[in-house]
S.K.: 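Quick one: the structure is below, questions incoming.
Every chain is numbered from 1 and lettered A, B, ... according to where its sequence line falls, protein lines coming before strand lines.
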Number of protein chains: 2
Amino acid sequence: MSNSYDSLFEPIELGPVEIPNRVYQPPHGNAYGLGDQQTAFRAEKAKGGFGLIIQEYSKIHESTDVTPVEPGFLHTDETIEPQREMVEAVHDHGSKLFVELWHGGLTASNYDSRQPPLSSSQTPSGNYYTPKEMEHEDIQEIVEAFATAADRARRAGYDGVELHAAHGYLISQFLSPFYNDRDDEYGGSLENRMRFFEEVIDSVDDAISDDMAFGARFTIDERVEGGLRADGEGLEIVERIGDDLDFWDLDIGVKQSIDDMIGPSRLHSKNYQMEFIEEATEVLDVPVGGTGRITDPRDAERLLEAGAVDMIGMARQSIADPHWPKKAREGRVDQIRECIGCNICVSQSRQGIPLICTQNPTVGEEQQWGPEEYEQVDEPKGVLVVGGGPAGTEFARVAGERGHIVHLNEKERELGGRVNFEGSLPGLSEWKRVRDWRETELDRLDVAVHTGSRAEMEYDDVRTYGAEIVVIATGGHWSEKGVTSGTHKPVPGWDQDHVLTPAEAVDADLSDERVVIFDEEGYNVSAGVTQTLADDNDLTFVTPRTSAFQETLHTFERKTIYSDLYSAGVEFVPDHTLTQVDDGSVTATNVYSNEETMFDADYVVFTTMRKSDDDLYRELKANEETLTAETEIEEIHAIGDCVSPRRIADAVYHGHELGRKT
Amino acid sequence: MSNSYDSLFEPIELGPVEIPNRVYQPPHGNAYGLGDQQTAFRAEKAKGGFGLIIQEYSKIHESTDVTPVEPGFLHTDETIEPQREMVEAVHDHGSKLFVELWHGGLTASNYDSRQPPLSSSQTPSGNYYTPKEMEHEDIQEIVEAFATAADRARRAGYDGVELHAAHGYLISQFLSPFYNDRDDEYGGSLENRMRFFEEVIDSVDDAISDDMAFGARFTIDERVEGGLRADGEGLEIVERIGDDLDFWDLDIGVKQSIDDMIGPSRLHSKNYQMEFIEEATEVLDVPVGGTGRITDPRDAERLLEAGAVDMIGMARQSIADPHWPKKAREGRVDQIRECIGCNICVSQSRQGIPLICTQNPTVGEEQQWGPEEYEQVDEPKGVLVVGGGPAGTEFARVAGERGHIVHLNEKERELGGRVNFEGSLPGLSEWKRVRDWRETELDRLDVAVHTGSRAEMEYDDVRTYGAEIVVIATGGHWSEKGVTSGTHKPVPGWDQDHVLTPAEAVDADLSDERVVIFDEEGYNVSAGVTQTLADDNDLTFVTPRTSAFQETLHTFERKTIYSDLYSAGVEFVPDHTLTQVDDGSVTATNVYSNEETMFDADYVVFTTMRKSDDDLYRELKANEETLTAETEIEEIHAIGDCVSPRRIADAVYHGHELGRKT
Ligand SMILES: Cc1cc2nc3c(=O)[nH]c(=O)nc-3n(C[C@H](O)[C@H](O)[C@H](O)COP(=O)(O)O)c2cc1C
Ligand SMILES: Cc1cc2nc3c(=O)[nH]c(=O)nc-3n(C[C@H](O)[C@H](O)[C@H](O)COP(=O)(O)O)c2cc1C
Ligand SMILES: Nc1ncnc2c1ncn2[C@@H]1O[C@H](COP(=O)(O)OP(=O)(O)O)[C@@H](O)[C@H]1O
Ligand SMILES: Nc1ncnc2c1ncn2[C@@H]1O[C@H](COP(=O)(O)OP(=O)(O)O)[C@@H](O)[C@H]1O
Ligand code: SF4
Ligand code: SF4
């Protein structure tokens with residue numbers, strides 16, 4: 001296959017606007033608000049070669065309030081100025097910036113603005129409110145608000161606008177029979193359900209200028225029973241409106257099927273949305289963009305050549321590596337930091353916490369750290385890194401970029417640390433990209449990597465190594481005692497052979513056993529261990545939490561985990577804490593009623609909490625004075641899980657941060 | 001009993017600072033950030049007579065980040081200026097303003113600042129991170145950060161500071177054996193565990209000026225196994241430190257027992273914390289403040305006279321009625337808007353959504369709406385209100401305050417609407433204060449209230465009533481069809497006699513029946529119906545949500561509901577939707593695995609969603625042109641649940657908002 005990517009870097013016209021290439025960022029929120037951080041974040045993608053960036057969902061009216069989550073804003077005139085700066089910053093790199101006009105309808109609880117939530121009908125919100133069925137005057141007000149917001153976009157200098165007619169938000173709530181239950185001229189027939197969308201199109205068309213592009217993001221397949229389908233009304237809507245718009249940005253999924261919309265790697269393989277979109281590309285005369293776990297330039301080129309889409313959208317990949325297009329064009333494909341599909345990004349931003357990324361620690365930090373720019377040190381130092389997990393490899397890489405002489409010592413045969421275990425759990429193989437990309441880069445940067453038992457560092461090895469800077473990144477381990485936040489105490493009976501750590505449980509290759517898993521993590525390790533054991537064993541999952549795998553609710557992985565495990569017959573016992581481990585059984589106590597229940601258990605697995613492996617660091621620190629006086633050592637640091645066991649993303653960040661400072 | 005409240009309005013000295021009376025606001029957050037809204041909110045309480053206001057928990061360092069929840073800030077110099085304005089606004093009314101210095105320790109996930117969470121030990125967080133066990137240099141850094149923040153408080157002009165040594169935050173994490181697991185000089189013996197607190201006291205003492213008061217908020221009883229107790233080390237700590245501080249602000253409960261800390265009325269009756277505090281008041285030479293559902297001036301006076309505390313703290317009551325002290329002093333006790341203990345306030349603010357209040361719709365709106373100030377209308381109008389629930393009574397009250405001639409027509413014999421039903425559910429009787437306060441006020445304002453069947457308004461009644469302004473507040477009803485957000489469809493078989501609404505289920509007085517409750521509300525009505533039926537019947541609770549009563553997690557009511565229901569033997573079936581109702585049984589389908597399960601059911605109750613009763617409004621609006629042309633009617637409005645069924649707080653606000661505009 002050629003390295004030239006002719007299709008990918010061909011310009012394209014979206015109505016009056018020429019986009020320099022076929023690679024765009026579909027709209028994605030980040031909870032950064034408006035201002036310098038937001039501007040720097042989007043500008044970095046332009047710098048990295050994204051031809052088109054479509055900002056984020058931006059509220060057009062005070063009745064679409066999702067506090068504490070912060071969308072983009074176009075509902076007041078004050079929001080214009082900071083966006084003008086962002087437009088200019090993107091233009092400086094030769095790229096175009098559009099914005100997505102959004103009203104959430106019934107999904108906007110309006111807990112801050114206190115206005116009644118609006119929708120086509122009184123569709124249940126799944127929460128303790130029901131929206132107002134919009135009156136005709138409400139419809140008119142919102143149609144006008146779309147136009148007013150579009151006019152603000154024009155005044156901010158945006159090159160185009162995209163209507164948010166997707167994801168089960170307000171326009172979808174009119175278009176889709178899953179939501180729309182009206183019996184007036186805005187409900188019933190497809191023609192009627194399209195009326196609101198068409199009115200919005202008309203009013204926005206009048207509000208923008210002739211040199212602006214105008215398109216829509218549209219969910220062609222809602223992936224819910226009774227919703228729009230790509231082989232039904234979804235396609236029909238696209239056909240009917242057709243080239244009334246300059247372009248279409250198509251995707252799949254609504255709130256109820258969000259695991260299809262922002263598909264985690266656990267559930268969806270690469271390019272997974274294309275099959276739903278390609279027919280629309282065929283029938284439409286105007287350009288179509290599509291997205292969905294596209295991360296490889298070779299795939300992207302092939303999809304364009306095959307005519308599946310006219311433009312390649314990458315939301316998460318543009319977060320994981322904003323310089324993807326540049327690297328592809330320059331033939332540096334192996335330097336691309338591929339997204340692992342973990343959805344930590346969206347799990348934070350959907351809770352109102354500024355976006356981060358597991359693979360890219362510079363996300364949100366562009367003002368201080370260019371992801372591809374490293375300040376060279378004046379005086380290179382000899383740096384010893386102990387531990388080659390996410391923290392150690394990331395630190396070593398950054399220190400290498402900056403010009404230090406770096407040695408990385410890892411006691412296992414492979415780099416990767418916890419990622420080796422976690423990436424081996426069902427559905428998580430792509431998580432190993434955290435290791436692989438860093439391994440490739442360490443090689444490119446000539447960092448000296450030593451692995452295997454001879455690279456295991458003890459106090460004396462560090463003392464005599466000859467390094468000036470010592471960085472300990474020795475990670476952590478799962479507590480063997482089953483301590484939880486409710487009791488802060490070991491589970492009586494923890495010290496028995498049939499009580500296993502997660503790794504032991506996976507390695508043991510158990511079958512036909514009765515296994516009790518006692519969990520408070522609620523995330524990927526407990527899910528992975530349970531999935532590994534579920535098929536061949538009789539599993540009981542006990543947790544003091546209100547339900548299992550709660551962290552994966554936010555990463556949209558829970559539905560797939562749960563459907564696996566329910567089908568495999570796992571028994572879930574929420575609201576219980578383990579109070580005794582005996583031979584062949586355990587006692588679980590209801591944390592509310594204190595009632596005790598016994599469960600059979602040949603094996604018990606604890607996934608409650610992790611602790612740091614910080615003995616080496618603590619010993620070095622205890623002797624810091626002597627060491628700095630008597631050896632070459634000048635500084636001793638600790639990073640990652642050996643300081644505070646957290647997510648992989650946190651370890652990478654911690655390593656990166658120290659690397660920038662060293 | 002006297003009306004004079006001699007003790008309550010006696011001044012008191014906290015170290016060098018004289019407080020004009022004994023009524024204070026203990027620190028409480030509101031997620032308003034710093035600025036005009038915050039200033040107006042605190043100033044209103046000073047205006048209403050609170051002698052002392054202790055701002056909110058304010059972060060002293062970047063390592064205590066709880067994004068998206070917004071605490072107060074004292075971690076940078078930029079935060080000083082807006083606080084100076086707040087101090088001045090409070091001083092203008094003759095009151096004093098203190099601030100609470102806070103580090104959350106392990107409860108601060110630092111998802112935005114990305115710093116390692118800190119604690120005395122690697123205590124489990126109950127989430128997917130473990131904090132760092134602070135090194136000596138961390139301890140020193142934080143001890144200094146407390147002093148730097150205290151210095152900023154001084155520069156902002158605060159009259160005093162209060163250390164947050166409570167609630168399981170960082171200082172507690174050293175003090176309490178429930179958290180502290182260290183084996184150095186900061187752990188082990190009580191003396192060692194107190195070392196960090198004492199170091200913070202010393203360093204803050206040096207940082208503040210001589211004319212500032214210095215105290216601590218301290219949890220004297222942690223209400224967890226292994227934690228501090230009021231009859232043990234809790235009291236001992238208070239005794240040992242004693243008058244090293246100018247005052248003590250005592251309370252109970254940590255994160256794990258938060259239902260005791262901010263006790264909902266469902267669980268705790270009035271003045272519930274006093275029994276834990278009074279002994280400390282006795283042994284201490286310096287003043288002690290205490291709190292805990294104090295709402296009645298007569299109780300407050302009595303507690304002071306009995307020496308249980310020296311100062312009366314009211315967090316929620318100061319939200320529900322910031323003019324409580326003024327009204328008490330002026331003998332207007334019946335005008336006090338008593339807090340109902342619903343915890344909607346904290347349920348919003350702890351999720352990062354700006355604080356609201358069920359009883360007081362002006363909370364957070366003080367810049368535009370003084371809770372006790374109403375702009376008089378130039379031209380009084382004849383106003384007809386249809387419906388006397390929270391929305392209708394609040395609107396009528398505000399319109400009455402403003403000088404309109406108001407008629408309120410309610411078809412039932414009593415005012416109150418939904419509050420009559422909800423307030424009759426187990427544990428919720430205090431919710432009727434929503435009705436009672438408004439009823440008293442309507443009487444005081446001479447609003448014409450008509451109740452009973454003759455007050456039922458139909459289209460022609462409204463048309464011929466002679467009113468100029470018509471306000472429809474006819475409320476809503478529970479859907480009889482069991483529609484949920486997952487399916488958007490009625491449950492097949494819904495139209496049978498043994499399928500009941502919540503009110504029917506409660507009225508039916510069932511016993512020895514097998515009842516299935518199908519819920520998506522997750523709040524007070526489903527909890528109340530379940531509690532009502534649980535003792536005498538065989539109950540199965542089916543919900544598509546991941547667990548029952550999730551909304552009550554945020555109001556701290558869930559623990560008490562759950563312990564009741566688990567003890568009563570209710571079977572919880574989460575993750576299931578009802579797919580068929582038959583005679584004597586129902587079918588529930590697992591929403592993940594699609595597996596079907598049958599449950600016996602003599603009766604089925606749906607608490608999935610509410611719909612508006614808006615027929616009257618829709619009919620009036622359809623004829624608006626004729627009505628305004630041919631009758632006195634000039635305007636037709638709808639408010640509350642008949643527009644969008646939401647929380648009681650939302651209906652009250654909606655009514656209030658229209659009242660201010662009319
Ligand atoms: C953090 C995050 C925020 C998102 N916000 C938006 C948004 O504001 N508007 C929108 O239409 N889609 C949004 N999406 C969906 C993406 O545009 C995209 O359709 C989805 O992530 C699948 O594409 P990908 O595999 O390239 O990431 C968001 C996705 C992520 C990961
Ligand atoms: C909305 C809200 C926020 C609170 N925030 C704080 C806080 O910032 N610091 C603190 O020490 N206590 C806080 N509390 C606890 C209160 O100070 C008080 O101890 C508790 O509400 C019981 O008192 P009450 O019954 O008078 O409300 C908060 C309480 C509420 C309702
Ligand atoms: N004494 C040691 N010498 C060399 N490597 C070590 C030593 N102790 C631990 N390691 C390695 O350190 C790595 C820590 O990685 P990990 O647990 O993923 O932590 P983090 O997420 O902080 O990078 C593991 O690969 C482990 O084998
Ligand atoms: N046609 C009517 N005439 C008079 N009162 C009505 C009529 N329809 C409904 N109501 C009353 O309106 C009130 C609505 O109250 P509620 O349901 O609590 O709504 P909200 O929370 O919006 O105030 C109920 O007390 C109900 O009896
Ligand atoms: S956080 Fe994970 S899913 Fe999101 S962009 Fe980064 S690597 Fe991809
Ligand atoms: S929201 Fe409820 S608990 Fe909070 S102050 Fe208001 S009435 Fe009291």
S.K.: Using only atom types and a distance under 3.5 Å, with no angle test, would you say the side chain of B:Y129 pairs donor to acceptor with the backbone of B:L106?
M.R.: yes

S.K.: Could you tell me which portion of A:T123 (side chain, backbone, both or neither) has an atom closer than 4.5 angstrom to a non-hydrogen atom of chain B?
M.R.: both

S.K.: Check whether any side-chain N or O of A:D65 sits under 3.5 Å from a backbone N or O of A:S113 as a donor-acceptor pair, and report yes or no.
M.R.: yes

S.K.: For the candidates B:H654, B:K132, B:Q122, which exhibits the highest count of non-hydrogen atom pairs separated by less than 4.5 Å from chain A?
M.R.: B:Q122

S.K.: Tell me whether A:E657 is salt-bridged to B:R114, with the criterion being a basic N under 4.0 Å from an acidic carboxylate O.
M.R.: no

S.K.: Does any heavy atom of chain B fall under 4.5 Å from the side chain of A:P116, the backbone, both, or neither of them?
M.R.: both

S.K.: Quick one: which of A:Q351, A:R545, A:H136 has the most heavy-atom pairs under 4.5 Å with chain B, could you say?
M.R.: A:R545

S.K.: Tell me, out of B:E520, B:K255, B:K621, B:Q550, who's got the most heavy-atom pairs with chain A below 4.5 Å.
M.R.: B:K621

S.K.: Just give me the residue among B:E521, B:E133, B:E70 that pairs up with chain A most often, heavy atom to heavy atom, under 4.5 Å.
M.R.: B:E133

S.K.: Taking A:Y562, A:Y179, A:Y523 one by one, which has the highest count of heavy-atom pairs under 4.5 Å against chain B?
M.R.: A:Y562

S.K.: Report which part of A:F549 has an atom under 4.5 Å of a heavy atom belonging to chain B: side chain, backbone, both, or neither.
M.R.: neither

S.K.: Applying salt bridge (Lys or Arg N to Asp or Glu O under 4.0 Å) between A:D614 and each of A:K611, A:R618, A:R610, report the one that passes.
M.R.: A:R618

S.K.: Quick one: of B:S109, B:P117, B:G476, who has the most non-hydrogen atom pairs under 4.5 Å with chain A?
M.R.: B:P117

S.K.: Taking the inter-plane angle between the rings of B:Y566 and A:H576 on a 0 to 90° scale, is it parallel (under 30°), tilted (30 to 60°) or perpendicular (over 60°)?
M.R.: perpendicular

S.K.: Taking every non-hydrogen pair under 4.5 Å, which of A:V525, A:D641, A:T67 racks up the most with chain B?
M.R.: A:T67

S.K.: What pair of heavy atoms forms the shortest contact from A:C357 to A:A649, and how long is it?
M.R.: O-CB, 4.2 Å

S.K.: Heavy-atom cut-off 4.5 Å, strictly under: side chain, backbone, both or neither for B:I344 against chain A?
M.R.: side chain

S.K.: By a 4.5 Å heavy-atom criterion (distance strictly below it), what part of A:P361 contacts chain B: side chain, backbone, both, or neither?
M.R.: backbone

S.K.: Among B:V483, B:T487, B:N127, which has the most heavy-atom pairs under 4.5 Å with chain A?
M.R.: B:N127

S.K.: Would you check if the side chain of B:S257 reaches a backbone N or O of B:E222 as a donor-acceptor pair within less than 3.5 Å?
M.R.: yes

S.K.: Given heavy-atom pairs under 4.5 angstrom as the criterion, report whether the side chain, backbone, both or neither of A:L553 touches chain B.
M.R.: side chain

S.K.: Among A:S567, A:S612, A:S479, which residue forms the greatest number of heavy-atom pairs with chain B at distances under 4.5 Å?
M.R.: A:S612

S.K.: Between A:V591, A:D650, A:N590, who has the most heavy-atom pairs with chain B when the cutoff is under 4.5 Å?
M.R.: A:N590

S.K.: Does atom CD of B:E624 have more than 12 heavy-atom neighbours from other groups under 6.0 Å away?
M.R.: yes

S.K.: May I ask you to name which of A:N594, A:T484, A:T546 has the most heavy-atom pairs under 4.5 Å with chain B?
M.R.: A:T546

S.K.: Which class fits the ring pair A:Y111 and A:Y128: parallel under 30°, tilted 30 to 60°, perpendicular over 60°?
M.R.: perpendicular

S.K.: Output yes when a side-chain donor or acceptor of A:R558 lies under 3.5 Å from a complementary backbone atom of A:A548, and no otherwise.
M.R.: yes

S.K.: Do other residues, nucleotides or ligands put more than 12 heavy atoms under 6.0 Å from the NZ atom of B:K481?
M.R.: no

